[in-house]
Protein chains: 2
Amino acid sequence: MRWNELQNETCPVARGLSVVGDRWTLLVLRDCFRGLRRFEELHESLGITRHVLSDRLKGLEAAGVLERRQYSDAPPRHEYRLTDKGRDLYPVLIALIRWGETHQPRADVPDFTFRDRHTGAVIEPVLTDRRTGREIDPRQVSASREDTG
Amino acid sequence: MRWNELQNETCPVARGLSVVGDRWTLLVLRDCFRGLRRFEELHESLGITRHVLSDRLKGLEAAGVLERRQYSDAPPRHEYRLTDKGRDLYPVLIALIRWGETHQPRADVPDFTFRDRHTGAVIEPVLTDRRTGREIDPRQVSASREDTG
DNA sequence: TGCCTTGGGTTCCCTTTTGGAACTTACTGG
DNA sequence: CCAGTAAGTTCCAAAAGGGAACCCAAGGCA
C-alpha cells in the first residue's frame, strides 16, 4: 500500500490521514488556528523548508481545508485561511494537545488554557456522549459499522 | 527544523506529533484499537511494508504507547498491546473518524457506530466543556498559555 | 536610474524515508 | 526430511525531506 492510495480506503481514519497525516501538515494547521495566514509567517514559525511548506499548503488547499486568497493586488500577495472543513479539525488538535500535555509533559511550560472568546470563561474540553452527557471512557466503547436495513 | 527535533518543542501538538505524526503510525494504532495485536495481523491489515511496520512498532514501544510482550516461549512469539498512554489516544482517533466521515464521505460504506461495550447503547462522541456541559464550537474558543502567578 | 528590500515561491542537490521483495530464525506438524 | 508459520531483517530502487540559492514583481529611496 502506498500513502497516496489512502484516500480511497473505506476507513474514515485512513481518508482523514490521507489529508492531514503527512509530516508537518497538522503543525501547519496548528499555526493556522493560531491565526497565522501568510507564507512567511508560517515558514518562520515552523522552521520547515520553503518547498515542503509550499507543498503542504497546496495539498491543504486542494483538499479544501485551506483557502488561498489574494489580499493585495500590486504586488500580488496571498494568504491562507481555514475553511469550515479546516475549522472542523479543531477537535483533532485539541485531543492532541491534551494527550501531549498529559503524556509528554514539560514542567517548564504551562499547559494551554482554553477560554470562551467572548465571556473569557475557562473551557475544559472533554469527549462526552451527546445522548447521556457522560464522559467517554475508551475502554467502554466499541466502534463498528452497521448496515442500515 | 528536522522531524526528530519535534520532541523538544514546547508545543504539545508538536510533541504529540513527534510520536504519532509519522506516516502510518495512527493507522497502526487504529488497528490496535480494533483489537489487532500481532505483527502478521497488522501487516495484513495495513498493507504496508514489513520494515516500516517494524519501525513504527519499535517507535511506539519506545514512546510507551504500545507494549511488546511475549505470548509464546517456543517458538518465541510477541504481540503488541496498547498501554494506558496508548489508550488515551482514543479521542484523537474518534475526532479523526468523525472528521473523515463528515468531510471525506463515502456513500458506499456506512459510518461507524459507537456503542457502550456493556449496555450496547449508542454513543455519540462530541467535544464538550466539562464545566458547563455545553458542546464546543471551535470558533468561540481561544487557546493560550497562562503563567500561574 | 540603479540598487535594496519584501513576499511568495521554485530549483538544485544531497540525505532520509518508503516501497517491494527476498532472506533469516526458531519452532511445529506430518 | 520437508512444508508452514510468526516475526522480523536485509537489500535495492524510488520518493520525500532538508538546506541553500535563485527568481519575480513591486515598492522605497538616494
Q: Mind listing the residues from residues 53-75 of chain B sitting with a heavy atom below 4.0 Å of DNA chain D? Number order is fine.
A: B/Ser54, B/Lys58, B/Arg68, B/Tyr71
Q. Hey, where on DNA chain D does chain A first and last touch, going 5' to 3'? Cut-off is any atom under 4.0 Å from a heavy atom.
A. D/dG17 to D/dG27
Q: With heavy atoms under 4.0 Å as the rule, sort A/Arg77 into base, sugar-phosphate or nothing.
A: base
Validation: residues 17-26 of chain B side-chain donor-acceptor distances under 3.5 Å, sequence neighbours left out:
| unit_1 | atom_1 | unit_2 | atom_2 | d |
| --- | --- | --- | --- | --- |
| B/Ser18 | OG | B/Arg15 | O | 2.7 |
| B/Asp22 | OD1 | A/Arg23 | NH1 | 2.8 |
| B/Arg23 | NH1 | A/Asp22 | OD1 | 2.9 |

(Q) Within the 4.0 Å heavy-atom criterion, would you say B/His78 contacts the bases, only the backbone, or no part of the nucleic acid? (A) sugar-phosphate
Q) With A/Ala14, which residues qualify under side-chain contact (heavy atoms from CB on, under 4.5 Å), at least two apart? A) A/Leu6, A/Glu9, A/Cys11, B/Leu27, B/Arg30
(Q) Using 0.5 Å steps for rounding, measure from the NE2 atom of A/His118 to the CD atom of B/Gln140. (A) 4.0 Å
Q) 5'-most contact on DNA chain C: A/His51 or A/Trp3, nearest heavy atom basis? A) A/His51
Q: Measure the CG-OG distance between B/Asp111 and A/Ser144 for me, rounded to the nearest 0.5 Å.
A: 11.5 Å
Q: Would you indicate whether the side-chain heavy atoms of B/Gln7 and A/Gln104 approach each other to under 4.5 Å?
A: no
Q) With sequence neighbours left out, what residues match B/Arg98 under side-chain contact (heavy atoms from CB on, under 4.5 Å)? A) B/Ile94, B/Glu124, B/Pro125
(Q) My understanding is that only residues two or more places apart in sequence, or in another chain, count here; which of them pass side-chain contact (heavy atoms from CB on, under 4.5 Å) with B/His51? (A) B/Thr49
Q: Under the side-chain hydrogen bond (donor to acceptor under 3.5 Å, both in side chains) rule, collect the residues that match up with A/Tyr80, sequence neighbours excluded.
A: A/Arg68
Q. Residues from residues 23-44 of chain B sitting under 4.0 Å of DNA chain D, heavy atoms only?
A. B/Arg23, B/Arg38, B/Phe39, B/Glu40
Q.
Which heavy atom of A/Gly64 sits nearest to which heavy atom of A/Thr83, and what is that distance?
A. O-OG1, 2.6 Å
Q: Could you pull out all residues at least two apart from B/Arg115 that satisfy side-chain contact (heavy atoms from CB on, under 4.5 Å)?
A: A/Ser142, A/Glu146, B/Thr113, B/Val122
**Q.** B/Asp108: partners by side-chain hydrogen bond (donor to acceptor under 3.5 Å, both in side chains), with sequence neighbours left out
**A.** B/Arg106
Q.
Testing the 3.5 Å rule here: is there a donor-acceptor pair between the side chains of A/Tyr71 and A/Arg38?
A. yes
Q: Under 4.0 Å from any heavy atom of chain B: name the first and the last nucleotide of DNA chain C that qualifies, 5' to 3'.
A: C/dT18 to C/dT28
(Q) Using a 4.0 Å heavy-atom cut-off, does A/Arg50 contact any base of the nucleic acid, only the sugar-phosphate backbone, or nothing at all? (A) base
Q: Mind jotting down which residue pairs meet the salt bridge (Lys or Arg N to Asp or Glu O under 4.0 Å) criterion with at least one end in residues 88-97 of chain A? Sequence neighbours excluded, please.
A: none
